**Student:** 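To start, I am sharing the structure in question, which I have written as structure tokens.
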Protein chains: 2
Amino acid sequence: MNRLMVEREPMAEQHRTKLAVQSAGTGPTCCPAGLDQPMSRAAATDLARLFKAIAVPARLQILALIRSSDTGELCACDFTDSLGLSQPTISHHLKVLTDSGLLVRRQHGTWAHFSIDSRRLAELAAVVSPARDSAEVLG
Amino acid sequence: MNRLMVEREPMAEQHRTKLAVQSAGTGPTCCPAGLDQPMSRAAATDLARLFKAIAVPARLQILALIRSSDTGELCACDFTDSLGLSQPTISHHLKVLTDSGLLVRRQHGTWAHFSIDSRRLAELAAVVSPARDSAEVLG
DNA sequence: TGACTTGATCGACATGTATCGATATATGCT
DNA sequence: AGCATATATCGATACATGTCGATCAAGTCA
């Protein structure tokens, strides 16, 4: 008699794209998959953690200071002076960046020197770099 | 008599690199400067806001879903189903991504379609891409 | 040894935000 | 008109984290 129960959604059903997020077999932590394929929640969480590491003003300034330095390596004390932040705060940021693999820490007596791991940074760039297909970017 | 006041720091003085953050005249919001020069706090804050936009698992999944789709454009309802998040949460993430310029919103009747602004995404990639000098990355 | 410096850790606090349910608004279908 | 659907907005809540002062551990120099 009434077909209400089976024909409830006139618009929705034929439109939905039915995307699955099940694929994306990202490895442990090596070479995060790009955006060109669906991403599992776990892979997205790992990748987000990496992006969060640089998504903080002070930490971006730290990376910029290291890269713009002559030797590509700076002492922790340099940041404390330059960024106007307390020493514990700088120490915290340096730890986050080091734990994420973006910075490499070299101990030299009392001093700690930090340099950028370009490979790790390039991994980030690869994720957000334009897809292979569309090369007309920045045209 | 006592020279304590002038010779207080034996180690520090000759080591400090004396870096200034005053430079970095980044424009309003166009083309964020890379990491190859010191970054002002204001420029770093703007850039951090952009990175924060993609530093969330759900939002990375959204970008990945859009990019892996056939048309490069998805309806908001697609995400609600795929990511297992509530509709208000998805709407929130889409708003953040759109406000940051990473997504472009196209209204079509009741539906809202979202696509990626590749230029904006390329800006992010440019910031974290390796410096011009060191090309031996990924060797 | 003792005074000083560097850097890490701890605890506390304030702020930001991801998430949800409830609701509002607009559009499409009957 | 009346109902269903698609999105956005609002308010509340829980959790993460940036920041600081205080403290601790370790290295350096006189």
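Convention: sequence-line order gives letters A, B, ...; per-chain numbering from 1. Here the structure is a predicted model, which is why all the values come from computation and not from measurement.
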**Student:** To check you understand the geometry: which heavy-atom pair defines the closest contact between A:Asp117 and A:Val104, and what is its length?
**Tutor:**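 Closest approach of A:Asp117 to A:Val104: CB-CG2, 4.0 Å.
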
**Student:** If we ignore hydrogens and angles and just use 3.5 Å, is the side chain of B:Ser68 paired with the main-chain N or O of B:Leu65 as donor and acceptor?
**Tutor:**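 Side chain of B:Ser68 to backbone of B:Leu65, a donor-acceptor pair under 3.5 Å: yes, one is there.
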
**Student:** Assess the residue pair B:Lys52 and A:Val56 against the criterion (side chain to side chain contact (heavy atoms under 4.5 Å, CB included)); give the C-alpha distance rounded to whole Å, side-chain angles, the decisive distance to 0.1 Å, and a yes or no.
**Tutor:** CA-CA 8 Å; B:Lys52 274 182 206 294; A:Val56 172; 4.2 Å; yes

**Student:** Give the cluster check for A:Val96 versus B:Met39: same hydrophobic cluster or not, with ILVMFWY residues linked at side-chain heavy-atom distances below 4.5 Å.
**Tutor:**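 Different clusters.
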
**Student:** Starting at atom CH2 of B:Trp111, determine the distance to atom P of C:dT27, rounded to an integer number of angstrom.
**Tutor:**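 Going from B:Trp111 (CH2) to C:dT27 (P), I get 12 Å.
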
**Student:** Starting from the 5' end of DNA chain C, give me the residue, A:Lys52 or A:Ser91, whose nearest nucleotide shows up first.
**Tutor:**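 Comparing both residues, the 5'-ward one is A:Ser91.
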
**Student:** Name all residues meeting the side-chain hydrogen bond (donor to acceptor under 3.5 Å, both in side chains) criterion together with A:Ser91; count only those two or more places apart in sequence or in a different chain, and write none if there are none.
**Tutor:**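 By the side-chain hydrogen bond (donor to acceptor under 3.5 Å, both in side chains) rule, A:Ser91 matches no residue at all.
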
**Student:** Report the end-to-end axis angle of the helix from C:dT1-D:dA30 to C:dT30-D:dA1; each axis comes from five terminal pairs, and the value is rounded to 10°.
**Tutor:**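 Nearest ten degrees gives 30° for this helix.
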
**Student:** Rounded to the Å, how far apart are A:Phe79 CZ and D:dT19 P?
**Tutor:**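 After rounding, the gap between these two atoms is 15 Å.
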
**Student:** Who passes side-chain hydrogen bond (donor to acceptor under 3.5 Å, both in side chains) against B:Thr45, sequence neighbours left out?
**Tutor:**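 For B:Thr45 there are no side-chain hydrogen bond (donor to acceptor under 3.5 Å, both in side chains) partners, ignoring immediate neighbours.
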
**Student:** For B:Ser100, enumerate each residue passing the side-chain hydrogen bond (donor to acceptor under 3.5 Å, both in side chains) test, keeping only those at least two apart in sequence or located in another chain.
**Tutor:**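 Expected list: none.
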
**Student:** Could you give the CD1-to-C1' distance, from B:Ile62 to D:dT7, as a whole number of Å?
**Tutor:**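 So the two atoms are 14 Å apart, to the nearest Å.
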
**Student:** Not counting sequence neighbours, which residues clear side-chain hydrogen bond (donor to acceptor under 3.5 Å, both in side chains) with A:Glu73? List them please.
**Tutor:**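 side-chain hydrogen bond (donor to acceptor under 3.5 Å, both in side chains) list for A:Glu73, sorted by chain: A:Arg106.
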
**Student:** A:His113 has an atom NE2; how far is it from atom P of C:dT6, in whole Å?
**Tutor:**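 Atom NE2 in A:His113 sits about 11 Å away from atom P in C:dT6.
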
**Student:** What is the distance from CZ of A:Phe114 to C1' of C:dT6, rounded to the nearest Å?
**Tutor:**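 Distance, rounded to whole Å: 11 Å.
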
**Student:** Might you list the N or O atoms of the protein lying below 3.5 Å from N or O atoms in nucleotides 19-26 of chain C, with each pair's distance?
**Tutor:**
from, atom 1, to, atom 2, distance (Å)
C:dT19, OP1, A:Arg41, NH2, 2.8
C:dT19, OP2, B:His93, NE2, 2.3
C:dC20, OP2, B:Ser86, N, 3.0
C:dC20, OP2, B:Ser86, OG, 2.9
C:dC20, OP2, B:Thr89, OG1, 2.7

**Student:** Using atom CZ of A:Arg106 as one end and atom C1' of C:dG7 as the other, report the distance to the nearest whole Å.
**Tutor:**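 So the CZ-C1' distance, A:Arg106 to C:dG7, works out to 16 Å.
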
**Student:** B:Leu103 CG to D:dT7 P: how many Å, rounded?
**Tutor:**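 Taking atom P of D:dT7 as the reference, CG of B:Leu103 is at 14 Å.
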
**Student:** Tell me which pairs pass salt bridge (charged side-chain N to carboxylate O under 4.0 Å, His left out) where either residue lies in residues 90-103 of chain B, with sequence neighbours left out.
**Tutor:**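 Salt bridge (charged side-chain N to carboxylate O under 4.0 Å, His left out) check on residues 90-103 of chain B returns B:Lys95-B:Asp99.
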
**Student:** Mind checking B:Arg59 for me? I need base, sugar-phosphate or nothing, with any heavy atom below 4.0 Å counting as a touch.
**Tutor:**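 The answer is sugar-phosphate, as B:Arg59 gets under 4.0 Å only of primed atoms, P, OP1 or OP2.
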
**Student:** Using whole Å, report how far CG of B:Leu97 lies from C1' of C:dT17.
**Tutor:**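 Answer to the nearest Å: 14 Å.
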
